[in-house]
2 protein chains.
Amino acid sequence: MLRRTKKERQRLLSETIADNPFVTDEQLATQFQVSVQTIRLDRMELAIPELRERIKDVASKTYENEVKSLPIDEVIGEIIDIELDNRALSIFDVKEEHVFQRNGIARGHHLFAQANSLAVAVIDDELALTVHSNISFVKPVRAGDRVITKAIVIGRDEKSHRTKVELTSTVNGETVFVGEFDMYRTKGKGEQQ
Amino acid sequence: MLRRTKKERQRLLSETIADNPFVTDEQLATQFQVSVQTIRLDRMELAIPELRERIKDVASKTYENEVKSLPIDEVIGEIIDIELDNRALSIFDVKEEHVFQRNGIARGHHLFAQANSLAVAVIDDELALTVHSNISFVKPVRAGDRVITKAIVIGRDEKSHRTKVELTSTVNGETVFVGEFDMYRTKGKGEQQ
DNA sequence: CTGATATTAGTACCAAGTGCTAATAACAAC
DNA sequence: GTTGTTATTAGCACTTGGTACTAATATCAG
């Protein structure tokens, strides 16, 4: 084996494609210094579909997962469960880029972003905006932590167009963040500000 | 014109494709009882890209947004003036990627991020963490707006290692966001290097 | 009837593949 | 060295869902 082993190349190939599904066989062949045919054999063995199928997969996946009040792509973290106007759950994996270099603790605005976008997503309305919120960062979160955030709609006032949402984020069962969000919604008379 | 007018067909065609970008010319031809060539002419006139391009657009759009949560920079916005443990000022230009596609209003977490990172920056300490905050989104902010955020340190308790910071964000002199941040810091007065 | 517009047909070509066969290359075992 | 096995490369026909272009025909309006 010249460049490395076949196994090693296939491992890297899987990674590369997972990282960027938009890459063609030709680009991969150049990258790994092998022929296009080898790349194709590799894909066969690894059961990796062709470029067009991969792209279609990405596209259809996001198409299925559309949430009514907010496109899925505008949510920080991944929504794993949602019951509109009732409750929602999202996961956010804290990575190196989310923490302070100096102390390794996650910057507050990332936790806020996850909570805030979940609060917006749970509202079953075309327009949902955060008006006010009262939040507490209970415990530091670090890179590698998986933050699970739960949103519970706890009150709704039709007249003021407000909905109250309670947010709780935990890491390994321990609460790291809590917040109460006051959301504005349009439903009823759709007048925008 | 046989089936209806060309205009009517093209209107329906746009709708159909918008509704389901995964449809092929052939399917469309069958649906509208015209030839594939007519569908292609229609797409030309309406500047609707071919199936593969449409799918790629859907896929890449969601792919971008997955990564595009919050910037990696330690500070959101540009600090233009700072007097440690006293006050600080930052500017943040709201762009298209910061607003909801649906209504053009800036997502709350970006405003929070600017305020939060300014609150962290104004503290003259190695470690500064947000413990609690009470915030209000006073007025919607839109793409193109220049948000100026001012942080004022309004209180400090040596024993609890807490510092209170008041944040105000304005656009063209109008207040759009206010917040009170409770910051934790490691060192009390006099312990500093 | 004439012209303009709309529609259809047909051809060559493209990207990014699949599926298949066959030729080499590399390396290990004996 | 020779043989066996696995790995790699090459080549060709074929596929989808198109583009780009030309040319013929249909439809309708004045």
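Throughout, a chain's letter reflects where its sequence line sits, starting with A, and its residues are numbered from 1. In this text, all values refer to a predicted model and were calculated from it rather than measured experimentally.
- With rounding to whole Å, B:Lys6 atom NZ is found 15 Å from D:dC28 atom P.
- Remark on DNA chain D: of its neighbouring residues A:Gln37 and B:Val23, the 5'-side contact belongs to A:Gln37, judged by nearest-heavy-atom nucleotide.
- The separation between B:Ile48 atom CD1 and D:dG18 atom C1' is 15 Å, rounded to whole Å.
- Taking the six-membered ring for Trp, A:Phe181 and B:Phe137 have ring centres at least 6.0 Å apart.
- Comparing C:dT7, D:dT19, C:dG17 by their nearest atom to the side chain of A:Glu50 picks out C:dG17.
- Spacing between atom CD1 of B:Ile39 and atom C1' of C:dA6 amounts to 13 Å, rounded to whole angstrom units.
- Checking C:dA9, D:dT19, D:dT9 against every side-chain atom of B:Ser35, the shortest atom distance belongs to C:dA9.
- Contact check, B:Arg9 against C:dT7: a side-chain N or O comes under 4.0 Å of OP1 or OP2.
- Toward the 5′ end of DNA chain C lies the nearest nucleotide of B:Leu41, the other residue of the pair B:Leu41 and A:Pro49 mapping further downstream.
- Between B:Glu50 and B:Arg43 there is no salt bridge, since no side-chain N of the basic residue sits under 4.0 Å from a carboxylate O of the acidic one.
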Exercise for the section: Start with the C-alpha gap between B:Lys150 and B:Glu166, add the side-chain angles, then the distance that decides, and say whether salt bridge (Lys or Arg N to Asp or Glu O under 4.0 Å) holds. Expected result: CA-CA 8 Å; B:Lys150 193 179 194 171; B:Glu166 207 173 69; over 6 Å; no

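- Spacing between atom CG of A:Leu28 and atom C1' of C:dG17 amounts to 13 Å, rounded to whole angstrom units.
- If you check C:dT8, D:dG18, C:dG19 against the side chain of B:Thr24, the one that comes closest is D:dG18.
- Each of B:Lys56 and B:Val36 was assigned the nucleotide of DNA chain C with the nearest heavy atom; the assignment lying further toward the 5' end belongs to B:Val36.
- Protein atom CD1 of A:Ile55 is 19 Å distant from nucleotide atom P of D:dT16, rounded to whole Å.
- Taking side-chain N and O atoms only, B:Thr38 has a distance below 4.0 Å to OP1 or OP2 of C:dT8.
- The closest donor-acceptor contact from the side chain of A:Arg185 to the backbone of A:His161 lies at 3.5 Å or more, if one exists at all.
- Taking atom CD of B:Glu26 as the reference point, atom C1' of D:dG18 lies 11 Å away to the nearest angstrom.
- Counting only distance, with no hydrogens or angles, the side chain of A:Gln27 and the backbone of A:Thr24 share a donor-acceptor pair below 3.5 Å.
- Side chain of B:Arg43, nearest nucleotide from D:dG18, C:dT18, D:dT9: D:dG18.
- Counting atom types as modelled, B:Arg52 pairs a side-chain N or O with a base atom of D:dG17 as donor and acceptor under 3.5 Å.
- Per the geometry, NZ belonging to B:Lys7 stands 22 Å off P belonging to D:dT27, to the nearest Å.
- The B:Arg40 side chain lies nearest to D:dT19 when the options are C:dG17, D:dA7, D:dT19.
- One can place CD of B:Glu53 at 11 Å from C1' of C:dA15, the figure rounded to the nearest angstrom.
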